[in-house]
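I have placed the structure first, in the form of structure tokens, so that the comments after it can refer back to it.
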Amino acid sequence: ECTVDSVSQDILDNLLSSMIQDIVAKESVKFKQLKARYPDYK
Amino acid sequence: LKAQIQSYLVESGNYEKISNALNDKLLQDGWADKVRDLTMQEIRSSNQANYKDVLEKIEPQALEMVSQNTRDDTLAQIKAFLEDIVET
Amino acid sequence: MSSCKHIDLVLADDLERDRFLGEYAAVKRFVLRASTRDKLQCGMTCHTCREVCRGATFICLSGGCTYVGCWNGGHFQEHTQGGHRLGVNAQNGLVFCFECVDYVAGCETLDIAGVPWDSAMSKQVSLPTSLRRDGLYGLLNLGSTCFMSSILQSLIHNTYIQYWFLNSGHARRCALRDPSSCISCALDRIISECYGSLSERNDHAGFLSLLTCSWKINQNFAGYSQQDAHEFLQFLLNQLHCDYKRERQVDEDKEVRSSSSQLCHCIVHSSFQGTLRSSIVCPECQDDSKTMLDPFLDLSLDIKGQRTLYDCLDSFHRREQLHDFDYHCPRCQTSRDPIKQLTIERLAPTLVLQLKRFEHLTSGQNVKLNDPVQFPLHLDMSRYCTGGEPTTSIVYRLSGVVSHSGTVNEGHYTAVLQLNSGEWFKFNDSMISVVSAEDVLREQAYLLLYTVEQV
């Protein structure tokens, strides 16, 4: 059922989810990029 | 109906306001930094960075870390915009 | 060799590679340049469920396909059953392979996909060096020159200044063409060194020329005493304007004198100039015939007793009754104390806010206020505009912070700036480091630079 509460909650969950996925995407690519360029970097 | 509501929020510029306000609150809470650190710890400990695997571990914890204050404020802001839309 | 064999296959075939790189460059430009609203509507709304930002959303990279699908609903995953396996994350421009179920990393070709080279060309000439194409270029401290380098970095990474100089806005008109006698030429040289072409002689020719030039024009900047970054910003902007007038002067001799419009069209005034409405209102009959319109390039805000930037702006724009003011109303002939108010008549694309941290006491002593002032990543200026309707919003995005640490005489300036990629970098003379948005908000700001995002 589409209520103001449920839609509000969904919008908040979507926003948080996209922010988390943005951070994880950037960090995982950065890690792999560094690994590719400097294989034994610490 | 839900898609229409979201589309209207985007059109009116209010979706961006909600997103910016949530972003500013999370920054004030230091939440983004914590999620970033958590992600790096997970990647280092498993020594692999497969996005899907890392996300499955991180997303639930990151959602937990959002302060109730930030949740309540943002929900209140979204509801206020939705009330407007529902009326019109 | 990248982390994904599927993309390596695509890039191995010349024709396929050119098509793919062309598509990717177009999508990446959209992701980096489009307004937030356009991105939300065209890149972050799933074509299947019509939800916005349902987790990450991906834009399909298969020839001619314009599908956009979400992660959380699995809709882009479904889309890949048709063989379309590569998508661009609409938020950060990263490429995702749905076969590997992972982001692509370590693919240099993608990083230079913005360069319009086709494969035939790329075999004949060397691609521009990727060194310094990203504008990350430290400026050596040549003896208390941090106040200059923090301001220079702020200008070099200002969208409008960067675009104007990289399009030879100054170079194609300047008769002098000499960085040691023309400040605009010196800045032009620094910006070109920043974005890709190293000068034959040495790395810092541009900065050295600008230093020489500044000293010639304003002796105060010579020597080793600490100077005020805000003053240097005003000096530099004024000099860029004068160089513009000098060039135009030459043009105007040739051309019919253009109608002298109030607004100067130089890069400085078109990027930084706003207009303040200073109104003096009669409390009896509301007459405001003594209203003045004053141009401004930055706003200086008192910070004493203020906790946030909005508090400072509220205080700056507050209505105040003027007591020691000899006022006689031309309309109702009364002489009651008038009400003064400052509102913004016209906003500039770049808004510079100075937090007044340096106080010059009557005793001749100079003191520095270290009070922390909270400032937001997004600033809505609508309530400070003349007749600002509460419904409209005029959103500015924080693009730079010039900070001062230490005391009035022994201090140090640094700049924290957001680059086109959306990442934040700290410029500390010749050292540059990546910082997070949280770190930015913890800076002890002296100058705040906001760029207009949405009206």
Side-chain angles (χ1 to χ4, degrees), chain B residues 1-40 43 46-56 58-60 62-63 65 67 70 73-74 77-78 80-82 84-85 88, chain C residues 3 35-56 71-72 77 89 91 94-98 100-106 308 374-380 382 391-398 424 434-442 453-455:
Chain B
L1 176 59
K2 200 165 116 183
Q4 272 181 313
I5 289 172
Q6 291 178 78
S7 170
Y8 183 82
L9 276 177
V10 171
E11 269 296 321
S12 60
N14 290 329
Y15 196 95
E16 183 179 352
K17 276 187 189 172
I18 294 165
S19 173
N20 289 343
L22 174 59
N23 197 28
D24 287 352
K25 286 189 190 74
L26 291 172
L27 285 175
Q28 297 295 347
D29 297 347
W31 174 84
D33 259 356
K34 289 175 202 148
V35 174
R36 193 173 295 111
D37 293 345
L38 204 62
T39 306
M40 286 321 292
I43 289 175
S46 58
N47 199 34
Q48 62 89 19
N50 175 272
Y51 171 74
K52 193 160 189 280
D53 300 343
V54 175
L55 185 66
E56 271 159 13
I58 297 299
E59 188 150 17
L63 287 168
M65 285 155 49
S67 70
T70 295
D73 290 354
T74 308
Q77 186 186 18
I78 299 172
F81 284 131
L82 293 192
D84 275 357
I85 297 176
T88 48
Chain C
S3 63
S35 70
T36 307
R37 184 179 315 182
D38 288 348
K39 273 170 63 174
L40 286 166
Q41 277 173 330
C42 311
M44 296 176 170
T45 300
C46 175
H47 285 185
T48 303
C49 61
R50 308 303 310 163
E51 289 254 20
V52 180
C53 288
R54 196 176 177 191
W71 173 270
N72 288 9
Q77 186 68 53
N89 180 315
Q91 194 152 354
L94 296 174
V95 178
F96 195 91
C97 172
F98 281 79
C100 306
V101 196
D102 205 353
Y103 279 97
V104 175
T308 69
Q374 262 185 34
F375 49 91
L377 279 184
H378 298 91
L379 179 69
D380 187 344
S382 51
T391 49
T392 53
S393 63
I394 302 176
V395 179
Y396 277 79
R397 171 180 52 80
L398 183 68
W424 286 93
V434 181
V435 290
S436 69
E438 278 91 345
D439 299 331
V440 176
L441 297 179
R442 283 191 281 263
E453 181 163 74
Q454 175 226 343
V455 182

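Below, read A as the first sequence line, B as the second, and so on, with proteins coming before strands; counting in each chain starts at 1. Note that these values count all heavy atoms, side chains included, but never hydrogens, waters or copies made by symmetry.
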Please look at [X] and chain B and tell me whether the side chain, the backbone, both or neither of the residue comes under 4.5 angstrom of a heavy atom of that chain.
X       : answer
L441(C) : side chain
R442(C) : side chain
C100(C) : backbone

* Asked: Who pairs with Q41(C) by side-chain contact (heavy atoms from CB on, under 4.5 Å), at least two apart in sequence or on another chain?
  -> V10(B), E11(B), R37(C), D38(C)
* Look at the side chain of E438(C) and the backbone N and O of A32(B), then say whether any donor-acceptor pair between them is shorter than 3.5 Å. =>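 Such a contact is found between E438(C) side chain and A32(B) backbone.
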* Would you say the side-chain atoms of Q6(B) pair up with the backbone N or O of V52(C), donor to acceptor, closer than 3.5 Å? -> yes
* Where do A3(B) and C49(C) come nearest, in terms of heavy atoms and distance? ->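 Between these two residues, the closest heavy atoms are CB-O, 4.3 Å.
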* Do you know which two heavy atoms are closest between N50(B) and V101(C), and how far apart they sit? ->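 Heavy atoms only, the tightest pair is ND2-O, 3.3 Å.
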* To do: Look up atom CD in Q28(B) and atom CG in L377(C), then write down how far apart they are to the nearest 0.5 Å.
  =>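 Answer for the CD-CG pair, Q28(B) versus L377(C), is 8.0 Å.
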Given a strict heavy-atom distance threshold of 4.5 Å, which part of [X] is in contact with chain C: side chain, backbone, both, or neither?
X      : result
L55(B) : side chain
D53(B) : neither
K52(B) : both
A21(B) : neither

* How about H378(C) and E16(B): do any of their side-chain heavy atoms sit closer than 4.5 Å? ->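 No; the side chains remain at least 4.5 Å from each other.
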* Can you tell if the side chain of D439(C) reaches within under 4.5 Å of the side chain of D33(B), non-hydrogen atoms only? ->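 In short, these two side chains touch, coming nearer than 4.5 Å.
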* **Max heavy-atom pair count under 4.5 Å with chain B, selected residue of D380(C), T45(C), D102(C)** => D102(C)
